[in-house]
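To start, the structure under review is shown below, and the notes come after it.
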Amino acid sequence: MSAIWQGCLRYLEAELTEQDINTFVRPLHAEESPTSLLLLAPNMVLLQQVRNRFMDRIENYVRAFAREDLSIDLRVGTQPLTSEGSLSSPPQTETRAPDFGIDLNYSDRLLPKFTFDKFVRGHSNELAYATAELVSLQAGNDDYNPYLIYGGVGLGKTHLMQAIGHAILQNQPNTSVVYLHCEQFVQSLISALQHNRIDSFKAYYRSVDVLLIDDIQFLAGKERSQDEFFHTFNALTGRQRQIVVTCDRYPKEIEGMEDRLKSRLGGGMYCAIDPPSTETRAAILLSKAEQRGIDLPNKVAWFIAEKTVGSVRELESALSRVIMQANVGGQEIDVDFARHCLRDIVPVRDRLLNADQIKSAVATYYDVTKEDLNSQRRPQAIALPRQMAMKLLHELTQMSLASIGESFGGRDHSTVLYACQKIQKRLDENDEQTQADYRNLKRKLLS
């Protein structure tokens, strides 16, 4: 090690915290020539952090206590100096770190289609969307750090997460934003351990400004990965750097995840994304069609939305099928054509979601019987479950209001309409219990 750099290290150790020294300074490799001091950083993210936060101190030490005429250079690379005092070959400047398989072009992982302006909002995702916008404007704020988005598959979690990354980079282009799937985090840790590059692994992840990790439930049962993520989490939040994670359920429900990690993930801001309502599904279809330059009739959008009650991905798949067959056959898209294109999907959906299934799920959830739901009794313990069942039947099946009423002991359509409006009002007023009941039942029925 360079004698000048050894002295500089002692100086920095007296000035900086142990965490900063271990995370940013010790990973640097120093080489000294008669005219220069070259500092090699293992990756571009760490280089930017050193340049922005510590180069003034390094230069002050060299000028004051070593040699005033010595030039100081900071680069990405690991190549040593030759005996002649020059680099044996140009320092490594590629954006890939073979040491542990991480792509340092961190913004390349963000897909252009996943931005806020392309996200369709509805009651099921409104809070998650609004919070994501706040996070993008106030990254690192303790009130939103970490930010956890959870919900079923294909509901827009990744879209919102990447939209945060896009917005931050648009407002602050020099911010280091890293997005990856949790599996990639685990794989990079394994590679780092295999190649004895764990210090580079730690330096990389603990020096970013914004860390976006998809499907954090993948850490379940992986003790070493959880340990590394836990310390990375503490390092980033301790420096007020933003963490955003997605999960398919609330972390406390994940078996095989350490309590300390569950506590950290639940200690910030968290929002659920529920399956979209029929109105939101129709709006999503119209938006997706517009993005593809297709004039999709409203009636067709509603038909597909009513028949495809699963994830947004299923909606897009159904829409793609209709558009593709229309292009191939040169046909106009109308409801009959869409019904023909989706003929193998519609019967399955109609069979899967029926009155008996929904009533059974609601009765079990509220610990009442199906006979209670069909009865004329009106105590709150029965009235609320009955209203919830009517709301779900109206939203998840093709039954008319009159048919739904008939299935509940011969009630008329106005009673069903009132029940649907009653539940919707509670949802709109952010009644936490009703929202939780609605979310849990819908997730169970659509899973």
Side-chain angles (χ1 to χ4, degrees), residues 119 121-135 141-164 179-183 185-186 211-223 225-227 229-230 232-234 236-237 242-277 280 310-313 361-362 364-367 388 392 423 426-427 430-447:
F119 188 87
R121 286 175 286 174
H123 180 79
S124 62
N125 58 37
E126 192 168 17
L127 179 59
Y129 177 93
T131 305
E133 282 195 317
L134 286 174
V135 170
N141 187 312
D142 289 343
D143 292 336
Y144 313 110
N145 198 19
Y147 178 38
L148 166 69
I149 309 170
Y150 70 98
V153 175
L155 299 181
K157 302 187 300 294
T158 297
H159 189 146
L160 272 187
M161 171 184 277
Q162 293 206 19
I164 292 172
Y179 164 79
L180 72 164
H181 190 277
C182 187
E183 184 176 7
F185 179 88
V186 173
L211 180 60
L212 313 173
I213 296 191
D214 238 337
D215 291 330
I216 200 70
Q217 73 272 2
F218 191 80
L219 287 180
K222 301 175 178 65
E223 295 181 5
S225 297
Q226 290 186 50
D227 186 63
F229 180 74
F230 177 80
T232 297
F233 182 103
N234 288 342
L236 292 178
T237 55
Q242 183 67 48
I243 296 176
V244 182
V245 299
T246 69
C247 192
D248 64 354
R249 75 209 86 158
Y250 189 61
K252 288 186 178 179
E253 300 174 3
I254 302 175
E255 295 182 6
M257 184 170 284
E258 296 176 0
D259 289 341
R260 60 176 183 168
L261 196 51
K262 292 180 182 180
S263 176
R264 291 291 192 278
L265 292 172
M269 182 67 182
Y270 53 88
C271 293
I273 296 185
D274 298 318
S277 65
T280 303
S311 69
V312 176
R313 291 175 192 166
V362 171
T364 300
Y365 184 85
Y366 285 105
D367 195 21
M388 181 66 75
L392 291 170
I423 295 297
R426 284 173 175 258
L427 294 173
N430 295 322
D431 182 289
E432 292 185 2
Q433 188 60 56
T434 303
Q435 287 182 333
D437 293 346
Y438 176 78
R439 178 171 60 247
N440 292 336
L441 280 165
K442 207 166 181 183
R443 186 181 299 153
K444 179 179 180 181
L445 287 165
L446 296 178
S447 62

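Below, each value reflects all heavy atoms present in this structure, side chains not excepted, and no hydrogens, waters or symmetry copies. Numbering of residues begins at 1 and proceeds along the displayed sequence.
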* Asked: Can L180 and L211 be said to form a side-chain contact (heavy atoms from CB on, under 4.5 Å), step by step?
  -> CA-CA 8 Å; L180 72 164; L211 180 60; 4.1 Å; yes
* With no hydrogens and no angle check, is any side-chain donor or acceptor of Q242 less than 3.5 Å from a backbone partner on Y144? -> yes
* Closest heavy-atom pair and its distance - C182, D215 -> CB-O, 3.2 Å
* **salt bridge (charged side-chain N to carboxylate O under 4.0 Å, His left out) partners of residues 260-269, not counting sequence neighbours, each pair once** => D227-R260, E258-R260
* To do: For T246 and Y150, indicate whether the former's side chain and the latter's backbone hold a donor-acceptor pair under 3.5 Å.
  => no
* To do: To the nearest 0.5 Å, tell me how far N141 CG sits from L134 CG.
  => 9.0 Å
* To the nearest 0.5 Å, how far apart are CG in L155 and CD1 in I149? -> 11.5 Å
* Indicate whether the side chain of T158 and that of D214 have a donor and an acceptor atom separated by less than 3.5 Å. => yes
* Would D437 and Q433 count as having a side-chain donor-acceptor pair, cut-off 3.5 Å? -> yes
* Does some side-chain heavy atom of M388 sit less than 4.5 Å from a side-chain heavy atom of Y365? -> no
* **Listed once per pair and sorted, the ring pair (Phe, Tyr, Trp, His ring centres under 6.0 Å) pairs that draw on residues 253-276, sequence neighbours left out** => Y250-Y270
* Check ring-ring contact (aromatic ring centres under 6.0 Å, His included) between H159 and all other residues, then give those that pass, not counting sequence neighbours. => F114, F119
* Asked: If you look at every heavy atom in R439 and A272, which pair is closest and at what distance?
  -> CD-CB, 3.5 Å
* Asked: Is Y147 reaching over with its side chain to a backbone N or O of A128, donor-acceptor style, under 3.5 angstrom?
  -> yes
* **Short side-chain to backbone donor-acceptor contact, N145 and I243, under 3.5 Å** => yes
* Using modelled atom types only, decide if a donor and an acceptor are shared between the side chain of K157 and the backbone of I273 within a distance under 3.5 Å. => no
* Structure fact -> C247 and L148 have their tightest heavy-atom pair at CB-CD1, 4.0 Å
* Should M257 and L265 be marked as a side-chain contact (heavy atoms from CB on, under 4.5 Å) after you check the CA-CA gap, both sets of side-chain angles, and the distance that decides it? -> CA-CA 11 Å; M257 184 170 284; L265 292 172; 4.0 Å; yes
* Distance under 6.0 Å and angle within 45° of ring axis: K222 vs F218 -> yes
